Each structure stands twice: as C-alpha cells, then as structure tokens.
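Please read these numbers as outputs of a predicted model, since none were measured by experiment. Counting starts at 1 for both ligands and their atoms, following the listed order.
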Amino acid sequence: MIKTVPTTPYQDQKPGTSGLRKKVPEFQQQNYAENFIQSIFDSLEGFSGKTLVIGGDGRYYNREVIQIAIKMALANGFGKVMVGKGGILSTPAASHVIRKYKAFGGIILSASHNPGGPTEDFGIKYNIGNGGPAPEKITDAIFARSKVITEYKIADIADINLDRIGSQTVDGMTIAVIDPVEDYAALMEQLFDFGAIRSLINLGFRVVFDAMSAVTGPYAKEIIENRLGAPVGSVKNFMPLPDFGGHHPDPNLVHAKELYDEMMGDDAPDFGAASDGDGDRNLIIGKGMYVTPSDSLAILAANANLAPGYSSGLAGIARSMPTSGAADRVAEKLGIGMYETPTGWKFFGNLLDEGLATICGEESAGTGSNHVREKDGLWAVLLWLNILAVRGESVSDIVNQHWAAYGRNYYSRHDYEGVDTDAANDLIAALRDKLATLPGTTHRGLTVQSADDFAYHDPVDHSISSHQGIRILFEGGSRVVFRLSGTGTSGATLRVYIERYEPDTTRHGLDTQEALADLIAVAEEIGEISGRTGRSAPSVIT
Ligand code: G16
C-alpha cells in the first residue's frame, strides 16, 4: 500500500517570509510538491501516530495538493489527518484547529494575497504545534533536505472525498473531514461581545465586508450575517473561487478599490472591511476614513480591554520592524513591553508562547493576538466592531482622538514590483556599504541620526536573524526602511517604508504623501531608486 518513489531534488525550494511560494506551473513539475512535503516530514521528529492538520485557501491546485499531502502523511506515519471540508481552512482557522486539537503541526496551502489560477501563485507552509509558522531553524532544515532528497513516500489509495464531513480509517490512519468554520466561530464568540455588536447592528449601524472571492467568505457569512445579524448582502464576494474572480485577493487601497470608493461615498456604510486570500490580513475603513494597518494596531492595542477576551489588559505589544512606531507610544503609556521583530509572523511565535506579547501587528495589513499563532483578518474586524459598539463613536472619531492623545505617525509603503533581481540586490548592497558614513549627514534638512542593517536577537530562544532591512533613522523620529520582499514569485520586489511622527494636532489632517514628500525624495536620493531600478514611480503605494 505504501510506495517509495525515487525522485530528483530541486534546488529552488527555499521557503520565504511565509513558506514556499511559486507559480502553479512550477508546482506542477514532476514531484515538485511531493519533494517539498517529504522534505518537511524529513525535517521533523516524533510525529508517528500524531495528528496533522491540512487545509488551504481554496485556490487553483489546492485540492490536488491536499490529496497528495493526505496520502504522504499516511505513508510517513501520522496517526490522524484533520482536513477542512472542500480542502478549505483559513490560515488563522488552521492555526486554531492545530492548537485546539493539540495536533503535531499543520500544512497550509496558500499564497495568501497573491493571485490564483493555472498560471498564478501557489504555496505550501508548515506550521508547528503551537499553531504558528515554522521558525527559521525548521525552514532552513526543510530547504537543506529539499536539495538532496532522493525519494518520497506516498500511500497508494483512492482520493479522499473532501466534500463530506466525517471520519474514516484508512490503513490505521484516521482521516477526519471537519467543518472549517465551526471551531473558529466559537473562538471568536468567546473573545468578543457578540451581544453588544448585535445591538449596534440592530440600531442600524451598517457593516460591509468584502471577502474578495477568497477563503473568508464562509467565515464572514456565518459570523457577521448569521451570528451578528448584519443583513444578508453585507458580506460581499463570499464564494471562494480558485482564481479569486481574476483579482488579487489583497485587501489594500489598490485591490479593494471598490470598497474604498463605497466608504468614501456620500451614503457610505459605517464600517467597511476586507480580508485576503487566506484570511489572515485585514483592511479597515470607516465612513470617509481609511485606517492604516500601523494605526489600527495601535488603536486596537489601546482599546483591547473593551473586549471580554482582553479585559484584564495586555502583557505586551509586538510589531515588525517596518511597522510604524504608533504602537510603541501605546505600550509606553500602558507601561507594558514593546518588541520589534523582523518581517514575518513566525517571529512573534516565541513572544506569544512566553506570554511577553498579547497583540502583534505588521504594516502589511496583519494584526492578531495570542488566541492563535497567525495574524487574523476577521479577528481584527471583530475587535474593531467590539470597540465601536462599546464606545458608541465613529471610526474617524476614534482615530482622531487617538492621534490627539498620542500624535500621528504619517506612514506609507512604496513597492517596486518585478524589479530585476540583480539590480534590487545591488541597491541593498550599495545601501549597506553607505551605512557607516550616513550618520551626521543632512538631506533636505533632515539629519541622519543612525543607520543599520536590522538584526533581531530573539529574547526567548536567543537566535539571531540578520539582514532584515536597512533602517535610516533621522533626528526627530522620522525614518526610511528598505528591504526586499520574501514572498514574491517573479523578479524582486523592493519595499520602501517611510514614516514621520507629527505631535502637533493642527497638522494631523495632511495628505499622507504630501506629509511625507521630503522623506520620499530623500529615500530616492539615498537609495538611488530610479537609477538602479529604472523605475520612476512605485508600482503600489499603500
Ligand atoms: C509580506 C509582508 C509581511 C508578511 C508576509 C506574509 O512579506 O511584508 O509583513 O508577514 O508578506 O504575509 P502573508 O502570509 O499575508 O502573505 P514580504 O517579505 O513580501 O515583505
């Protein structure tokens, strides 16, 4: 029943910021997915007889790889596989299922916010028993194994019916097809005051949620419409489609423009939100007011105690290095710990496990807490709704009051996508060479206070992660950060993060790009962006 299949290794299976992401045709190469999955299993110890959770965001090629993963888990000695019905599990729901059922780990099939379809993106990620993405120690081992692998094991059985909930035993292994929504919805009901949110909605508060034809559709339908009583139709694009309807399921102002336009219109709803391909990112827009992810993190942290799940306060806040310092001011006021980690949710795992941080966030539309070990789009939406229900104020009132109390961190990210890889690497290398001589120099009136290549010393396991982004900090608290994306699938993406702190309330109403204009020009000068990339403007501004 168990076949051992000889294979030839690939040299390009290096997991990036969040697992292995490639175009579907690359995953369709002979044994490509099998090699990577076997490399995962070969890098783990002690899972014999234990449970593996498998799920994905429903994108093109999801079902095929789910079948492969089930058969390989069986052949490699797992005792049980739990798989979401239809092969569906949002990333945060998968994290919760791993934790709730004390599984050994999980395989999540997703390329997140990247487009899906026969020529678009696919991804495989391994999560450990705490429910979070595998740390670098494990992803490095998987990559090393993938380069030398010579065989994989797979059970020679018929495909499993993924569309019927229930358990079956095949060759001593239990395969349980589970409802992907139930456990997650119950967890949300524990954390948030559903009664208060329901009353707010009953009073006529209008919510619109765009699931972007991706995985959060069934979750949002159940929670926002069925359990919280929002009128049918409040959740849009709720059917997960293998190609996300041809769109990028990326909840930002470019790809969720329709929602943005609705929220800026005359008859705008009170609250608009969206999530991404696999349900871990969020977009929050009030009537006439977009909330940046960095501000959202700070505001959620400052008000979290209004939700039952966080009523006893926060242990600490963590943010990725490029995320704005807005949350730092909240941590300071609350007198709690603040942690600055490299980009990628995997770096929050130790802080959450040790109880050092309760809420975490990234500027890339990711926020979450210690309830799971992934960022969680719907969680952020529900915490916002809980806060709105308790405070009885609008999103824009809450944001403006926050800025008045803490100051405003003007913030923007400029992405240059599909840049020539050598040119992007050279740009970063040139910046690295300049680091020692930058401090003390003045550019358009801004004096560089310090400059470094960010390295993170994990306070829990003491591992060191170097080369996590070039930081240029100016006197007065402004800064520019340069780093290359670790999730792209073609060429390189240069990300430039620009931030300026403004304590003066009378200057809180400026347009963000105008408020940052000087810094944007300085970033161009110091980074020599147009000369090195051949681009005169970013591809995406968020
Ligand atoms: C990007 C973001 C990160 C995020 C990562 C994974 O990484 O900048 O903040 O952690 O995506 O997010 P998701 O799983 O939603 O794709 P990078 O390396 O492209 O900047």
Side-chain angles (χ1 to χ4, degrees), residues 14-22 56-57 59 90-92 94-95 108-116 120-127 132-136 139 212 214-216 244 248-252 255 274-283 292-294 296-297 318-324 340-349 360-368 372-380 411-419 424 428 454 456 465 467-470 481-497 538-540 542:
K14 186 174 171 45
T17 309
S18 190
L20 180 68
R21 290 187 189 169
K22 298 278 177 195
D57 62 13
R59 69 179 55 228
S90 77
T91 292
S95 181
I108 302 178
L109 307 177
S110 169
S112 188
H113 53 289
N114 296 4
E120 297 294 354
D121 292 4
F122 191 77
I124 303 181
K125 183 168 83 156
Y126 179 69
N127 280 29
E136 280 188 334
T139 54
M212 303 190 87
V215 80
T216 43
F244 308 116
H248 285 234
D250 192 354
N252 63 30
H255 297 298
S275 189
D276 69 334
D278 62 332
D280 57 1
R281 296 185 173 205
N282 71 85
L283 169 70
T292 69
S294 293
S296 180
L297 170 67
R319 64 163 172 84
S320 67
M321 180 274 282
T323 304
S324 98
E340 188 176 32
T341 59
T343 294
W345 207 261
K346 60 186 172 224
F347 293 102
F348 295 133
C360 307
E362 296 193 277
E363 53 66 42
S364 53
T367 5
V372 289
R373 293 294 180 274
E374 289 278 4
K375 53 188 182 273
D376 187 344
L378 266 173
W379 171 90
Y411 185 86
S412 184
R413 185 176 98 186
H414 290 195
D415 289 341
Y416 297 79
E417 294 174 339
V419 171
I428 296 290
F454 181 62
Y456 178 60
S465 303
H467 305 306
Q468 298 295 329
I470 304 290
V481 172
F482 296 83
R483 65 177 282 279
L484 300 182
S485 158
T487 57
T489 55
S490 46
T493 294
L494 169 70
R495 303 205 196 281
V496 185
Y497 311 80
S539 349
V540 179
T542 50

- Query: What are the atoms of ligand 1, with element, lying closer than 4.0 Å to any heavy atom of D280?
  - Reply: 14 (O), 15 (O)
- Okay, side chain of T323, backbone of E363: is any donor-acceptor separation there less than 3.5 Å? yes
- Heavy-atom closest pair, residues A134 and K346: O-CD, 3.7 Å
- Give the residue and atom name of whichever protein heavy atom lies nearest to atom 13 (P) of ligand 1, and the separation in Å to one decimal. S112 OG, 3.1 Å
- Message: Could you tell me, atom by atom, which parts of ligand 1 come under 4.0 Å of a heavy atom of T343?
- Response: 3 (C), 8 (O), 9 (O)
- Item | Those atoms of ligand 1 less than 4.0 Å from some heavy atom in R21 | 13 (P), 14 (O), 16 (O)
- Hey, is K346 one of the residues with a heavy atom under 4.0 angstrom from ligand 1? no
- Using a strict cut-off of 4.0 Å, indicate which atoms of ligand 1 neighbour a heavy atom of H113. 15 (O), 16 (O)
- Can you spot which of T91, L20, D278 makes a side-chain contact (heavy atoms from CB on, under 4.5 Å) with K125? T91
- Message: Just to be sure I read this right, does ligand 1 sit under 4.0 Å from the backbone of S485, its side chain, both, or neither, counting only heavy atoms?
- Response: both
- Considering only non-hydrogen protein atoms, determine which one is nearest to atom 1 (C) of ligand 1 and report residue, atom name and distance to 0.1 Å. R281 NH2, 3.7 Å
- Query: Using heavy atoms and a threshold below 4.0 Å, how should the contact between E374 and ligand 1 be classified: side chain, backbone, both, or neither?
  - Reply: neither
- T493 and ligand 1 - part of the residue with a heavy-atom distance under 4.0 Å: neither
- Message: For the backbone of N114 and the side chain of R59, can you confirm whether one donor and one acceptor N or O come within less than 3.5 Å of each other?
- Response: yes
- Task: Mind checking the CG-OG spacing from D121 to S490? Nearest 0.5 Å is all I need.
- Result: 7.0 Å
- Query: Under 3.5 Å, is there a donor-acceptor pair linking the side chains of S485 and T487?
  - Reply: yes
- How far is atom 12 (O) of ligand 1 from its nearest protein heavy atom, and which residue and atom is that? K375 NZ, 2.9 Å
- Query: So is T487 polar-close to ligand 1, meaning N/O to N/O under 3.5 Å?
  - Reply: yes
- Item | Between N282 and T367: side-chain donor-acceptor atoms closer than 3.5 Å | yes
- Message: Can you classify the ring geometry of Y456 versus F347 as parallel (below 30°), tilted (30 to 60°) or perpendicular (above 60°)?
- Response: perpendicular
- Query: Does G344 come within less than 4.0 angstrom of ligand 1, counting non-hydrogen atoms of the residue?
  - Reply: yes
- Message: Distance under 4.0 Å to a non-hydrogen atom of T17: what atoms of ligand 1 satisfy this?
- Response: 5 (C), 7 (O), 17 (P), 18 (O)
- Taking only heavy atoms of G486, which atoms of ligand 1 are found under 4.0 Å from at least one of them? 17 (P), 18 (O), 19 (O)
- Note on the structure: min-distance protein heavy atom vs atom 10 (O) of ligand 1 -> E362 OE1, 2.7 Å
- Which atoms of ligand 1 have any heavy atom of S364 under 4.0 Å away? 2 (C), 3 (C), 4 (C), 8 (O), 9 (O)
- Proximal ligand 1 atoms for R495, defined as those under 4.0 Å from one of its heavy atoms: 8 (O), 17 (P), 19 (O), 20 (O)
- Item | S112 side chain to D276 side chain, donor-acceptor N/O pair below 3.5 angstrom | yes
- How would you list, by chain and number, every residue that makes a ring-ring contact (aromatic ring centres under 6.0 Å, His included) with H113, sequence neighbours excluded? none
- Assess whether salt bridge (Lys or Arg N to Asp or Glu O under 4.0 Å) is satisfied between E362 and R319, documenting all intermediate values. CA-CA 6 Å; E362 296 193 277; R319 64 163 172 84; over 6 Å; no
